[in-house]
Amino acid sequence: MGEDARTLIARRAAQELVPGQVVNLGVGIPNLIPKFLGAGSGVHIQTENSLLGVGPPPRPHEVDEDLIDAAKQPVTALAGAAYFDSAESFAMIRGGRIDVAVLGALQVSERGDIANWAVPGRNILGVGGAMDLVVGARKVIVTMTAQTTAGEPKVVSGCTYPLTATAAAGLVITELGVLAVREGRLVLTELLGGAAVKDVRRATGAPFSVDL
Amino acid sequence: MGEDARTLIARRAAQELVPGQVVNLGVGIPNLIPKFLGAGSGVHIQTENSLLGVGPPPRPHEVDEDLIDAAKQPVTALAGAAYFDSAESFAMIRGGRIDVAVLGALQVSERGDIANWAVPGRNILGVGGAMDLVVGARKVIVTMTAQTTAGEPKVVSGCTYPLTATAAAGLVITELGVLAVREGRLVLTELLGGAAVKDVRRATGAPFSVDL
Amino acid sequence: MPARLASPEEAVSSIRTGDTVLAGGFGLVGAPLALIDALVEASKARELTVVSNNLGEPGKGLGKLLRQGRVRRAVGSFFTSNPEVAAAAQAGELEVVLLPQGTLAEALRAAGAGIGGFFTPIGVGTELARGKEERRIDGVANVLEAPLHGDAALVYAARGDELGNLWYRKTARNFNPAMAAAARLTVAEVGELVALDEIEPESVHTPHVYVDLMTRAR
Amino acid sequence: MPARLASPEEAVSSIRTGDTVLAGGFGLVGAPLALIDALVEASKARELTVVSNNLGEPGKGLGKLLRQGRVRRAVGSFFTSNPEVAAAAQAGELEVVLLPQGTLAEALRAAGAGIGGFFTPIGVGTELARGKEERRIDGVANVLEAPLHGDAALVYAARGDELGNLWYRKTARNFNPAMAAAARLTVAEVGELVALDEIEPESVHTPHVYVDLMTRAR
């Protein structure tokens, strides 16, 4: 079920991406998206460490130790790719040149606040490019399971985990449905995986309206 | 005499440059310096428009319309040259990577204030890279004739022309001698072209001590 | 989005009266002359703010636009090379905003890089710092400078590939990369349109994310 | 000054106790491993501030220096990949300064570019903005960030020429160019030492003015 939910979410998220867009994909569920885009999708993947034009994973003989993505996994580069340095990579991100950032999260609030980098009470030791991406990208899509393994909702009225950014998420895709953040309110726009509205209500810690 | 004075100043200024240094040369007298450096001087000339490794002027068949210096004159590039963009060029300048900037001036004050870009009462329409260079370079050498064509001293107690920067000049070379700016005071360290100390006093609008 | 090919006339057609136009080049080197000509001949946009190191030369490049009286404000570092700029400023027909050349370049870069403003030691104590916020940082006086955004950027590159990746030749690079990143609409005039990977991926100077339209130099 | 060739041990010999050392690399990709090894094995400098995106991995790269207890402060964006960082921080042996990755890169660039500070919208409203000056610019909340200077920078480049011009390969570029420009002493570990002009002048990523010493990768 865990793996299935993640695959379902990734497949649905892939549908949000249109040819020509420049997209940054976070670790976890977003990393499953490329297989649903396929070759020739026309989607340009940027990785912040710093490459525009990420291609599919390398076959064993293609692995190049100087060619990794932000998850430190080996990747390939497509024709027309460009390498740059980290300062330029984040200039591109902050400057609004990433059309869509897709990332995982620990919590998202009804007004689009995102918490995805730290758990309270633990040492906070890694933020990476998350803050830059959720503020800089033109559209932010959060992909995550609806609830924690302990059954707590991840969509909440207000985040209790340390924030990554305020009012940043535009769309939240879980295995149960698609929630859009519109003017600081959540709207359920689509049901997924056979879920009913009441299933979404049960798994969601914040009010939302329904516009299916 | 005019041309001689300028040549004398340029020759003396060239002696201040040592192999390995990165140098930016302004228009006018500083542009006469390269012929006194000679090939293999080991001095690296940067031009702010944006090239490190400026070579001698091109022969007619070598002229390349994409290869000019900041005075918009055709130049050549030496082996090991690097091109970059204007933002990087001035990052290099502001960041303290230019060892010496040599430039002309309208006035220099005894504490090293420089005025070299505007005349009062006229429209102020061109500053170029002068302000960046005099603040960013580690050492600033001013090369100029001692007096205006009207016989006014150019080394003055306080500049009356609009400033390029305050306390920026380290050395002033005229056809009469070399004045160093030390802790906000002028010191005559060398006489040039057969001038006597009294000749320098007569042509200078600020007090200076003598340490020949 | 990858860049789309367009004629110079089409490429400048969305520039409107009152817009801010960034134009690359140091003098005429690296200046997008076909695009400037199209702006002069095929566009009716007036009251333009033009950001460029120089404003062309009399009757050349951006100097043509000035002669047409369509430039309301010029932002740059060195206008002395075109005496008609001084005449227009004197006559009150043109507002001139002068910046140190490095501050001009950095303000353009800041706009492209999503930077809200930056402190620089350049210009402190001079007329060009007048009215600017000053702050001493680590013992050095700095002034606060604002990013310089454009509605449109017109740049020139020796080579552009099918996606819009750009490569600049020798000193023709100058302000072009910073401007390409600083505008809502970026048009690149390219000397040569090349296939993908003819520009080495490590040598792309302006990645295609910054380029909306490409046109061929004439 | 053009760069001078030195052994890794000689190259790190001027690093002193209390210094700030910038180390390139994203994980181990683009990390100057021979120089880090020399710092680990041949230097006695302690109480170091290390600026690097990560602090290596347990017992690898900068992780070795951490195990020796010679890092007093770590400045970076992602230390989660080395659990020993958390342990050292927990034990009060290590101060950790976390920055958003883009702010880290920009702060290094600002140091190299002689910028006194910059406003960025990144991090506003989060724990990482705590204590930082906030200012609304054109309707957007920004925080002020300071430049990040180093006493020494250790960088890795696939190619370096006889003067010290550097060229980086693929994603091994990452933080190296910004760090090369941000320190008083920059040491470049190069995979290959090449003749002048083997790096195309348009493709030099780090001009030699930033490089003081070069050493060969092992």
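Given the structure is predicted, the values throughout are model-derived calculations rather than measurements. Protein chains get the first letters and strands the later ones, always in sequence-line order, with residue 1 at the start of each.
- Under a 4.0 Å N-O distance rule, the pair A/Asp85/D/Arg109 does not qualify as a salt bridge.
- D/Glu106 has a carboxylate O that lies under 4.0 Å from a charged side-chain N of A/Arg94, or vice versa, which qualifies the two as a salt bridge.
- Under a cut-off of 6.0 angstrom, the local environment of CZ in A/Arg185 is sparse, with at most 12 non-hydrogen atoms contributed by other residues, nucleotides or ligands.
- Proximity to chain D involves both the backbone and the side chain of A/Ala70, based on heavy atoms less than 4.5 angstrom apart.
- Top candidate by heavy-atom pairs under 4.5 Å with chain A, chosen from D/Gly102, D/Ala178, D/Ala158, is D/Gly102.
- Proximity to chain A (any heavy atom under 4.5 Å) is restricted, for D/Ser81, to the side chain, taken from C-beta onward.
- Atom NZ of D/Lys60 sits in a sparse spot, with 12 or fewer heavy atoms from other residues, nucleotides or ligands closer than 6.0 Å.
- For a residue to count as touching a neighbouring chain, one of its non-hydrogen atoms must lie under 4.5 Å from one of that chain's; by this rule D/Asn82 does not touch chain A.
- Proximity to chain D is absent for every atom of A/Glu88, based on heavy atoms less than 4.5 angstrom apart.
- D/Pro121 touches chain A through backbone and side chain together, each having a heavy atom under 4.5 Å away.
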Under the criterion side-chain contact (heavy atoms from CB on, under 4.5 Å), I'd like the reasoning laid out for D/Arg169 against A/Asp64: C-alpha separation, chi angles, the key distance, then a yes or no.
CA-CA 11 Å; D/Arg169 187 171 172 273; A/Asp64 182 327; 2.5 Å; yes
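- The choice from D/Ala141, D/Ala89, D/Pro100, D/Ala172 that makes the most heavy-atom pairs within less than 4.5 Å of chain A is D/Pro100.
- In terms of non-hydrogen atom pairs under 4.5 Å with chain D, the most contact-rich of A/Leu51, A/Val135, A/Ile68, A/Leu67 is A/Ile68.
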Step by step, would you call D/Leu128 with A/Trp117 a side-chain contact (heavy atoms from CB on, under 4.5 Å)?
CA-CA 11 Å; D/Leu128 300 194; A/Trp117 66 290; 3.7 Å; yes
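- Contacts between D/Leu28 and chain A at a heavy-atom distance below 4.5 Å are absent for every atom of the residue.
- The shortest distance between side-chain heavy atoms of A/Thr164 and D/Thr126 does not fall below 4.5 Å.
- Between the side chain of D/Arg173 and the backbone N or O of A/Ser50, no donor-acceptor pair lies under 3.5 Å.
- Put simply, CG on D/Asn54 and CG on A/Leu125 are 12.0 Å apart, with the number rounded to the nearest 0.5 Å.
- D/Glu57 CD to A/Lys72 NZ: the interatomic distance, rounded to the nearest 0.5 Å, is 7.0 Å.
- The CG atom of A/Asp132 lies 8.0 Å from the OG atom of D/Ser77; values are rounded to the nearest 0.5 Å.
- Within a 6.0 Å sphere centred on CD of A/Glu190, heavy atoms belonging to other residues, nucleotides or ligands number more than 12.
- A/Val127 places none of its side-chain heavy atoms less than 4.5 Å from the side chain of D/Phe78.
- Taking chain D as the reference chain and counting heavy-atom pairs below 4.5 Å, the highest number among A/Asn49, A/Thr166, A/Leu163 is found for A/Asn49.
- In this structure, D/Asn174 CG and A/Ser89 OG are separated by 10.0 Å, a value rounded to the nearest 0.5 Å.
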